[in-house]
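Let me begin by presenting the structure, written as structure tokens, before commenting on it.
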Amino acid sequence: MSDTQITITLPDGSKRQYAAGATIKDVAASIGPKLARDAVGGILNPQDGNDEIIDVHTPLKGDCGLKIITVNKPEGLEVLRHSASHVMASAVQRLFPGTQVTFGPAVENGFYYDFKRDEGFTPDDLEKIEAEMKKIVEANQPFVRAEMSRDEAKALFAAKGETFKVEHIDSIPVDATITTYTHGDWVDLCRGPHVPATGLIKAFKLMSVAGAYWKGDEKNPMLARVYGTAFWDQKALDEHLSKLEEAKKRDHRKVGKELDLFSFHPVAPAMPFFHAKGAFIYNQLIEFIRGYYRVLGFDEVITPQIVDMDLFKRSGHYDHYRENMFLCDVDGREFGVKPMNCPGHTLIYSNEKRSYRDLPFRVADFCRLHRYERSGVTAGLTRVRSFAQDDAHIFCREDQIAEEIGTQIAMMKDIFGHFGMESQVGFATRPQQSLGTEAELSASEREAWDQVWMRAEGSLKDVLDSEKLTYTTHKGDGAFYGPKIDFRVKDAIDRWHQLSTVQLDFGLPRRFDLSYVNHEGGESRPVMVHRAMLGSIERFMGILIEHTGGDFPLWLAPVQVRIIGITDENALYATEIQKKLQSLGVRAKVDHRNEKLGFKIRDAEMHKIPVVLVVGKKEQEARSVSVRWRKRGDLGVMQLDPAISLVLQAAAIPSPGEALMGRVQEVARL
RNA sequence: GCCAAGAUAGCUCAGUCGGCAGAGCAGCUGAUUCGUAAUCAGCAGGUCUGGGGUUCAAAUCCCCAUCUUGGCUCCA
């Protein structure tokens, strides 16, 4: 093999010749000694988008593109973390003989390793493991890659009593090369890649212990998972840890309690009780969305909470979703609490004969939904059993899909712009198992479905392209019943959340035999679009609380203005201002407590009140107010009326922006 | 559901070896009438999540239940 030459193409376009089997180490060494020292891995064929990362030990067997990764580079972090997980596993097996190893990959913010150890691990154990890891790092042991046959590998791990590894070898594809990585005297079955030596793992920390099933399947044995994280240097690790601290401070469960927004009670697990202030925000968000519906031609409907399961049999929920539904018996009939609005909306659609002229038919619904989530998976407001969505369904003709989706994308960008959130688009295409692939279908039926999917995916793609959006395609990630577009938004502390979704549905219209009278007087089947912008109001509130840290924009603040009199003598004037503000729709309260100004200011700050108006003798005589704006501080004294208009300006519910309105007008002209 | 940890005053938390239930903040009362992030004093506040057990004695040890929290394959 070594007599053949291979060509490596570097990112600058230059090509270099090497003997087949050369490694990144060889390539780096041929370029320069510094690169040779700093190289920790490489990306194979960086242009093709697959980003296959290999390490410095992996032989390069054919012509390829190569980008060398050096220390301190973000691309190398997952290599570093995977190596850290090996170091951790070796430390664990040193400290706790008899513990079996399983999987230990790098994950988004660190790494983990799953162990088979019936006793599990305690927080004290983590400290011991960390100390042991430090020793291995200090020893700076090189990672050594080796290839071996399937039987050799099985014999090696069987001899060590590693039954999980042996089991796993059997599930590795036959054509794959089986490799092991060794550092010191510790060897693991591993695909790699790894950093050159343990000494590079300078900054790491073990975070927590958790249970996890072998291969994620709850029928399999429970393993003990240890989570950790690693960075190239201590500074980056410290930054990561302080980010976690920041997230903890903003935790919506904590802020929600402090600001008296909501509570939970054991009598209704995972179902929030919204207090006055939380309910205000909830309703205000809905009002915000209604503003868009008014201009975009959505009509709001209200549908029953509890429905005969017959409806859900027809919609398919009975077969596929019953486990997640709350059921009840009504006069001997089986009823279900609705987990989704769509089946109900199809009834409204088919309540009368529809013409192609009636389409698109858009119905919105803020009704509460209930889903039985398994007891272990609920969390604060972000995963609940009782919630509402800014849900809507569009029934339209196939030729209207592009226009409708385009508007939804524009709406999404407009909405999250108001919250100062950046967004990202994902396009999910037809899954392997999907409508039109059923075994019982005839060839011509399959052919027809293939056409439907192709047209639908084509029109979604056209929209994404014509809106000039950058998006990532998730092949086969669409719903069973149609392709979808998902939006992720980034919050103030750089976390991404999937919120909006726009999904095409060919299934429900067929199940409910929906139709419209077409141009030729015949019957056609409409397409249904499921879409939500904020998603679940509850979850969005949770994210919004963490995004803002509880500092809501003025239009969402339950109390916008607090008026503070300096002494009792200012109480009447303070109340007069409150009444005036209230008459203009401003949510204002007076702090009448017998406390010093400093105390009341502090209290208002702690409650994150956006605007504080201080009135004393001077202001009262001049009919002015001293304005203190949150995050901006003392703005000084001004006359009452200008101060009020200042507040009113910032207090309006944001409305659809110009770009979106322009779009609506264009549509109206068509 | 499973693994692990937790639940003490409205909130945040302390409570040693099993031996009388604690603090700060919030609340209430009184004094103080004060100019931009905490005035002083006093008072009240508890079925230690619920149930069972061990013990002379349980917030503390054991068992069961409930709820909450962190997890439960972005593939060796």
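All values below come from the heavy atoms of this structure, side chains included, with hydrogens, waters and symmetry mates left out. Within every chain, numbering begins at 1; the chains are lettered A, B, ... in the order of the sequence lines, protein sequences first and strands thereafter.
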**Matching residue for A:Lys165 among A:Asp188, A:Thr102, A:Thr180 - test: side chain to side chain donor-acceptor pair (under 3.5 Å)** = A:Asp188
Can you tell which of [options] lies closest to the side chain of [X]?
{"X": "A:Lys596", "options": "B:A37, B:C67, B:U39", "answer": "B:U39"}
{"X": "A:Cys190", "options": "B:U39, B:G70, B:A76", "answer": "B:A76"}
{"X": "A:Ser626", "options": "B:U36, B:G70, B:U33", "answer": "B:U36"}
{"X": "A:His168", "options": "B:U33, B:A76, B:A26", "answer": "B:A76"}
{"X": "A:Arg628", "options": "B:U36, B:G70, B:C74", "answer": "B:U36"}
{"X": "A:Arg593", "options": "B:G70, B:C75, B:G27", "answer": "B:G27"}
{"X": "A:Met222", "options": "B:G35, B:C2, B:C75", "answer": "B:C2"}
{"X": "A:Leu189", "options": "B:C74, B:G27, B:A76", "answer": "B:A76"}
{"X": "A:Lys618", "options": "B:A26, B:G35, B:C67", "answer": "B:G35"}
{"X": "A:Val614", "options": "B:U36, B:U33, B:C72", "answer": "B:U36"}

Nearest whole angstrom, please: distance from the [atom2] of [N] to the [atom1] of [X].
{"X": "A:Phe103", "N": "B:C74", "atom1": "CZ", "atom2": "P", "value": "11 Å"}
{"X": "A:Asp125", "N": "B:A5", "atom1": "CG", "atom2": "C1'", "value": "14 Å"}
{"X": "A:Asp634", "N": "B:G35", "atom1": "CG", "atom2": "C1'", "value": "10 Å"}
{"X": "A:Asp114", "N": "B:A4", "atom1": "CG", "atom2": "P", "value": "15 Å"}
{"X": "A:His82", "N": "B:C75", "atom1": "NE2", "atom2": "C1'", "value": "11 Å"}
{"X": "A:Tyr213", "N": "B:U73", "atom1": "OH", "atom2": "C1'", "value": "13 Å"}
{"X": "A:Arg602", "N": "B:A26", "atom1": "CZ", "atom2": "P", "value": "8 Å"}
{"X": "A:Asp251", "N": "B:U69", "atom1": "CG", "atom2": "P", "value": "9 Å"}

**A:Glu258 CD: over 12 foreign heavy atoms closer than 6.0 Å** = yes
**Prompt:** Is it true that atom CG of A:Asp185 has more than 12 heavy atoms of other residues, nucleotides or ligands lying nearer than 6.0 Å?
**Reply:** no
Would you indicate what [X] reaches in the nucleic acid, counting non-hydrogen atoms under 4.0 angstrom: base, sugar-phosphate, or nothing?
{"X": "A:Lys165", "value": "sugar-phosphate"}
{"X": "A:Gly616", "value": "base"}
{"X": "A:Ala210", "value": "base"}
{"X": "A:Val377", "value": "base"}
{"X": "A:Ser85", "value": "nothing"}
{"X": "A:Glu108", "value": "base"}
{"X": "A:Gly380", "value": "sugar-phosphate"}
{"X": "A:Ala89", "value": "nothing"}
{"X": "A:Glu619", "value": "base"}
{"X": "A:Glu569", "value": "nothing"}
{"X": "A:Phe121", "value": "nothing"}

Distance between [atom1] atoms of [N] and [M] (Å, rounded):
{"N": "B:C75", "M": "B:C67", "atom1": "C1'", "result": "35 Å"}
{"N": "B:A9", "M": "B:C48", "atom1": "P", "result": "10 Å"}
{"N": "B:C13", "M": "B:A7", "atom1": "C1'", "result": "13 Å"}
{"N": "B:G19", "M": "B:C63", "atom1": "C1'", "result": "24 Å"}
{"N": "B:A4", "M": "B:C62", "atom1": "P", "result": "14 Å"}
{"N": "B:U49", "M": "B:U60", "atom1": "C1'", "result": "16 Å"}
{"N": "B:G27", "M": "B:G10", "atom1": "C1'", "result": "8 Å"}
{"N": "B:G15", "M": "B:U8", "atom1": "C1'", "result": "9 Å"}

With a 4.0 Å limit, can you tell me whether [X] has a side-chain N or O closer than that to the phosphate oxygens OP1/OP2 of [N]?
{"X": "A:Arg191", "N": "B:A76", "value": "yes"}
{"X": "A:Arg225", "N": "B:C72", "value": "yes"}
{"X": "A:Arg253", "N": "B:G70", "value": "yes"}
{"X": "A:Lys257", "N": "B:U12", "value": "yes"}
{"X": "A:Tyr227", "N": "B:C72", "value": "yes"}

When both hydrogen-bonding distances must be under 3.5 Å and the geometry is Watson-Crick or G-U wobble, what is [N] paired with, if anything?
{"N": "B:A58", "answer": "none"}
{"N": "B:U68", "answer": "B:A5"}
{"N": "B:C40", "answer": "B:G30"}
{"N": "B:G45", "answer": "none"}
{"N": "B:C25", "answer": "B:G10"}
{"N": "B:C17", "answer": "none"}
{"N": "B:C75", "answer": "none"}

**Message:** Would the base of B:C72 count as contacting A:Glu218 through its side chain, where contact means a donor and an acceptor less than 3.5 Å apart?
**Reply:** no
**Message:** Holding to side-chain hydrogen bond (donor to acceptor under 3.5 Å, both in side chains), I want the full list of residues that pass it with A:His320, two or more places apart in sequence or in another chain.
**Reply:** none
Return yes if a side-chain donor-acceptor contact under 3.5 Å exists between [X] and [Y], otherwise no.
{"X": "A:Trp186", "Y": "A:Gln93", "answer": "yes"}
{"X": "A:Lys215", "Y": "A:Ser171", "answer": "yes"}
{"X": "A:His497", "Y": "A:Asp491", "answer": "yes"}

**Asked** Does the ring center of A:Phe96 lie less than 6.0 Å from the ring center of A:Phe115?
**Response** no
**Item:** Residue whose nearest RNA chain B nucleotide is more 5′ - A:Glu605 or A:Ala268
**Value:** A:Glu605
**Nearest-nucleotide comparison on RNA chain B, the residue closer to the 5′ end among A:Met606 and A:Thr122** = A:Thr122
**Request:** Before accepting this row, confirm whether a basic side-chain N of the pair A:Arg602/A:Glu595 lies closer than 4.0 Å to the acidic partner's carboxylate O.
**Result:** no
**Request:** Answer yes when A:Glu132 and A:Lys128 have at least one side-chain N-carboxylate O distance shorter than 4.0 Å, and no when they do not.
**Result:** no
